[in-house]
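Just so you know, these numbers come straight off a predicted model, no measurement behind them. Sequence lines set the chain letters: A, B, ... in the order given, protein chains first and strands last, and positions in each chain run from 1. Computed from heavy atoms alone, side chains included, the values below leave out hydrogens, waters and symmetry copies.
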Amino acid sequence: MPVAKAGSSSDSRVIAHVDLDCFYVQVEQRKRPELRGVPAAVVQYNSWKGGGLIAVSYEARAYGVTRSMRGDEAKAICPNIHLVQVPVARGKADLSTYREAGSEVVSILARRGRCERASIDEVYLDLTDAAEALLAEYPPGQLEKKPIDEEALNSHISGLNSMGDDHNQRVKEWISRGDADRRDKLLACGVLIVTDLRKQVLQDTQFTCSAGIAHNKMLAKLASGMHKPAQQTVVPQSAVKEFLELLPIKKMKQLGGKLGNQLQNELGIRTVGDLSKYTEQKLQEKFGMNNGTWLWNIARGINGEEVESRLLPKSHGSGKRFPGPQSLRIVQSVEHWINKLSEDLCERLNSDLEQNKRIAQTLTLHATAFISNGTDSTKKFPSKSCPLRYGQFKVQEDAMTLFRSGLREYLGFFGVNAFGNKQNEWRITTLSLSASKIVCIPSGTSSILKYFTEDSDITASIKPTEESERDGGSKLTEVKTLIQEQDACVLDDNLGTRALENTGEAAPIQRMPTILRFFSPGDAPFPIKKQGCFKSLHFSGAPSSSGLPQLNQRGDGAIKRSACANSGSRAEKHLRADEWKYDVDEIDHSVIDELPPEIQEEVRDWLHPRSRQVKQRKGIAAYFLPKPS
DNA sequence: CATGGTGCTCAT
DNA sequence: ATGAGCAG
Ligand SMILES: Nc1ccn([C@H]2C[C@H](O)[C@@H](COP(=O)(O)OP(=O)(O)OP(=O)(O)O)O2)c(=O)n1
């Protein structure tokens, strides 16, 4: 639910929200220009009632065609409509072309300020700095001389109601008014910047978009929806009250569902104006502290939420529904589809690794089920998650383990197996796999290859194992390629590190990928005296409040000599006679303090995100250091 | 159990 | 870790 953050009506940030027009349709229109200017829609699947519409062109909307409508239905009310199918891969809808198109747009929109990818086709921008800079170019008295793109004059200015013949003139005056409120001047600069950005998006991608410019995210979002398609709207502070007064609360983000209904049904609140009549305390009593404060603020157009700097998604998911007679009845069917979903997911994880140097750390399986004879059966199939191990085969295997674990729990609640044997009466109607807790591989890394003079060292250290060969050795090849071509490498635990088995009968596997960070002597941020000599920092357990890994109670700070010969783990096998390692769960903070001062900060940074993000994981990070004297 | 496929935030 | 809610 919404969380109230600091904010005030004197907020002078310049925030923009940009939303592509009927996005998937535009993607298809770019590919097939004959679809431009005609009623068109993107539909996924088509065997059942012509499939379902997920994006509709504005020409088709004029006929009453809407999203979620069936293809047949759309044809009925708009016989000329062109229906374009979503690509299908591995038996499921494949949205990758739209994701890629979305990325094209984001990379353009991120050019002028902090940019937050809010969805596949929307971003928020914090243009405050750019607007300030632009304003600074035109000191008092010079504003009228500011060159204004003709296109900017088509902007809509909330509170300045007139689309008459003098519209452009009035917009021009508003933008260049010398005696305007400073905040209005900043927004005017925002308008110019956004005009420019939208123009670039059109030039570079052929996509049109709509935008809103205001002092916060909430208002910018509302503004972008006011005039579409291919238009932009600015909401100056002076227009906020009137802008919100008659606005139905359901139009506000977060109030389109249950909370919005509650406001309406329990308090009779219909518009934002109605909402603003309640005290903060009253709203808090009714909806909790967070919601209460948030509601009180948004009713006044106050929303301090920051634009996060994030251009990439925080998770990847692949799922499919099996409605009606398609429901899955046997484990083999589930396995078939889990394999397909795993392929899809792994493909995207691999792209993310290649393109963005990121890895996902958690795999989650979601399913919905019902009992076929079941009279009642509103029971939910539990979601299950486990550490994500890279490699398609392992994802498949782990996902199946998660499924079986979930199924046991699900059936357990029905308890029975006396002789009625409901064991085979379950039906699966949705399956989805997602990969989350995505982190960047630390930058400044370089290939492990540089540590070994002979290639044979590497080859020897990455032996094929039974498991790694089950996928035909492709994983092995993949890792070798990574090591040789990437400037960072991720070694899966399958290639040597120990798997951690979770306790408990139905527990999912608990195996962690191993992330190794290697520096070549020249690249390391500190002197390396002896090539091939490295220390590793092992850490495990829950994070401490300081962000460092949880350390042991003894706190003796012992630096343990590795028992290389006896160790079965891959990482330890890399250790040589003159190598050292720290086991962070056996020492105290002095392990950081002992490092050369100039790298202490970096080590903390380096350890912090991962140790914070994964509880109960066991990880190992390798770090080159001069051998202690 | 016929929009479906995604993706994010927050409570517990 | 898991579920609920919301939105594109
Ligand atoms: N329930 C939804 C909503 C959206 N989308 C996809 C298809 C849309 O093209 C894209 C963007 O969603 P929008 O809500 O922004 O809608 P459009 O871009 O299609 O139209 P508009 O011009 O109204 O923004 O996301 C989807 O698959 N399912």
Side-chain angles (χ1 to χ4, degrees), chain A residues 1-4 17 19-20 22-24 42-55 66-74 86 88 92-96 98-99 102 116-123 221 225 250 252-262 288-291 294 305 308 310 312-329 341 344-345 348 362-366 368-372 374 377-378 380-387 402 405-406 409 426-438 502 507-508 510 614-616:
Chain A
M1 299 300 90
V3 158
H17 177 258
D19 184 346
L20 279 288
C22 54
F23 185 48
Y24 291 8
V42 173
V43 65
Q44 65 186 354
Y45 308 128
N46 69 354
S47 33
W48 198 73
K49 297 190 177 180
L53 274 53
I54 58 174
T66 65
R67 166 174 298 138
S68 93
M69 195 172 268
R70 286 289 160 186
D72 293 347
E73 225 181 316
V86 172
V88 172
K92 66 180 290 298
D94 177 7
L95 304 182
S96 54
Y98 310 117
R99 287 193 194 94
E116 176 181 335
R117 176 197 197 271
S119 79
I120 195 167
D121 84 324
E122 281 177 64
V123 304
K221 164 79 178 163
K250 303 214 160 215
M252 318 247 338
K253 198 166 149 81
Q254 305 292 321
L255 296 184
K258 291 191 174 184
L259 185 56
N261 279 332
Q262 245 182 300
M289 293 294 286
N290 277 341
N291 283 343
W294 179 80
E305 194 185 333
E308 300 296 324
R310 185 172 52 75
L312 300 171
K314 305 174 85 162
S315 65
H316 299 292
S318 180
K320 180 162 176 59
R321 303 194 65 210
F322 307 94
Q326 300 182 55
S327 68
L328 310 182
R329 301 151 182 258
L341 299 179
D344 182 23
L345 187 59
R348 286 154 61 190
T362 301
L363 176 71
T364 306
L365 177 132
H366 291 270
T368 61
F370 68 99
I371 297 294
S372 69
S377 115
T378 49
K380 299 261 197 287
F381 192 104
S383 71
K384 292 288 162 193
S385 61
C386 71
L402 294 176
S405 166
E409 192 176 319
W426 52 267
R427 300 287 185 271
I428 297 296
T429 55
T430 76
L431 279 178
S432 96
L433 280 182
S434 59
S436 59
K437 296 197 175 86
I438 299 179
N502 203 3
Q510 280 283 341
V614 187
K615 273 200 300 195
Q616 297 177 346

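Of the possible polar contacts, none joining the A/Tyr45 side chain to the A/Val88 backbone as a donor-acceptor pair under 3.5 Å is found.
Checking C/dT2, B/dG7, B/dA2 against the side-chain heavy atoms of A/Pro313 singles out B/dG7 as nearest. Nearest to the side chain of A/Arg348, among B/dT6, C/dG3, C/dA4, sits B/dT6. Of the listed nucleotides (C/dG3, B/dG5, C/dC6), B/dG5 has the atom at the smallest distance from the side chain of A/Gln44.
Counting non-hydrogen atoms under 4.0 angstrom, A/Glu122 reaches the backbone sugars and phosphates but no base. Using a 4.0 Å heavy-atom distance criterion, A/Gly319 is classed as a sugar-phosphate-only contact. Across all strands shown, A/Thr368 has no heavy atoms under 4.0 Å from either base or sugar-phosphate atoms. Within 4.0 Å (heavy atoms only), A/Ser315 reaches sugar-phosphate atoms of the nucleic acid but no base atom. Here A/Tyr45 lies in heavy-atom contact (under 4.0 Å) with sugar-phosphate atoms only. Backbone-only contact: A/Lys320 has heavy atoms under 4.0 Å from sugar-phosphate atoms and none from a base. Residue contacts for A/Arg67: at a heavy-atom cut-off of 4.0 Å it reaches a base atom on one of the strands shown.
What separates NZ of A/Lys380 from C1' of B/dT12 is a distance of 17 Å, to the nearest Å. In this structure, A/Glu116 places its CD atom 10 Å from P of B/dC8, rounding to the nearest Å. Nucleotide C/dG5 holds its P atom 15 Å from the CG atom of A/Leu255, rounded to whole Å. For A/Glu305 and B/dC10, the CD to P distance is 8 Å, given to the nearest whole Å. A straight line from CZ of A/Arg117 to P of C/dA7 spans 18 Å, rounded to a whole angstrom. A/Gln262 places its CD atom 9 Å from the P atom of C/dC6, with the value rounded to the nearest Å. Between A/Met252 atom CE and C/dG8 atom P the separation is 13 Å, expressed in whole Å. Following rounding to the nearest Å, A/Leu328 (CG) and B/dA2 (C1') show an atom-to-atom distance of 15 Å.
Taking only side-chain nitrogens and oxygens, A/Lys314 comes nearer than 4.0 Å to OP1 or OP2 of B/dT9. Residue A/Arg310 places no side-chain N or O under 4.0 Å from the OP1 or OP2 atom of B/dG7. Of the side-chain N and O atoms in A/Asn290, one or more sit less than 4.0 angstrom from OP1 or OP2 of B/dA11. Taking 4.0 angstrom as the limit, A/Ser119 places none of its side-chain polar atoms (N or O) nearer than this to OP1 or OP2 of B/dT6. Dashed line: the shortest gap from a side-chain N or O of A/Ser434 to OP1 or OP2 of B/dG7 is not under 4.0 Å. Close to C/dG5, at under 4.0 Å from its OP1 or OP2, lies a side-chain N or O of A/Lys258. For the pair A/Arg99 and B/dG5, the criterion of a side-chain N or O lying under 4.0 Å from OP1 or OP2 is not met. Distances shorter than 4.0 Å separate some side-chain N or O of A/Lys221 from OP1 or OP2 on C/dG8.
Stacking between A/Phe370 and the base of B/dC1 is present: ring centres sit under 5.5 Å apart and the planes differ by under 30 degrees.
Between the side chain of A/Gln254 and the base of C/dA7, no donor-acceptor pair under 3.5 Å is found.
A/Thr429 and A/Thr368 form a side-chain donor-acceptor contact under 3.5 Å, judged by distance and modelled atom types alone.
For A/Asp19, there are no side-chain hydrogen bond (donor to acceptor under 3.5 Å, both in side chains) partners at least two apart in sequence or on another chain. Shown here are the side-chain contact (heavy atoms from CB on, under 4.5 Å) partners of A/Thr66, two or more places apart in sequence or in another chain: A/Met69.
Separation of the P atoms belonging to B/dG5 and B/dC1 is 16 Å when rounded to the nearest angstrom.
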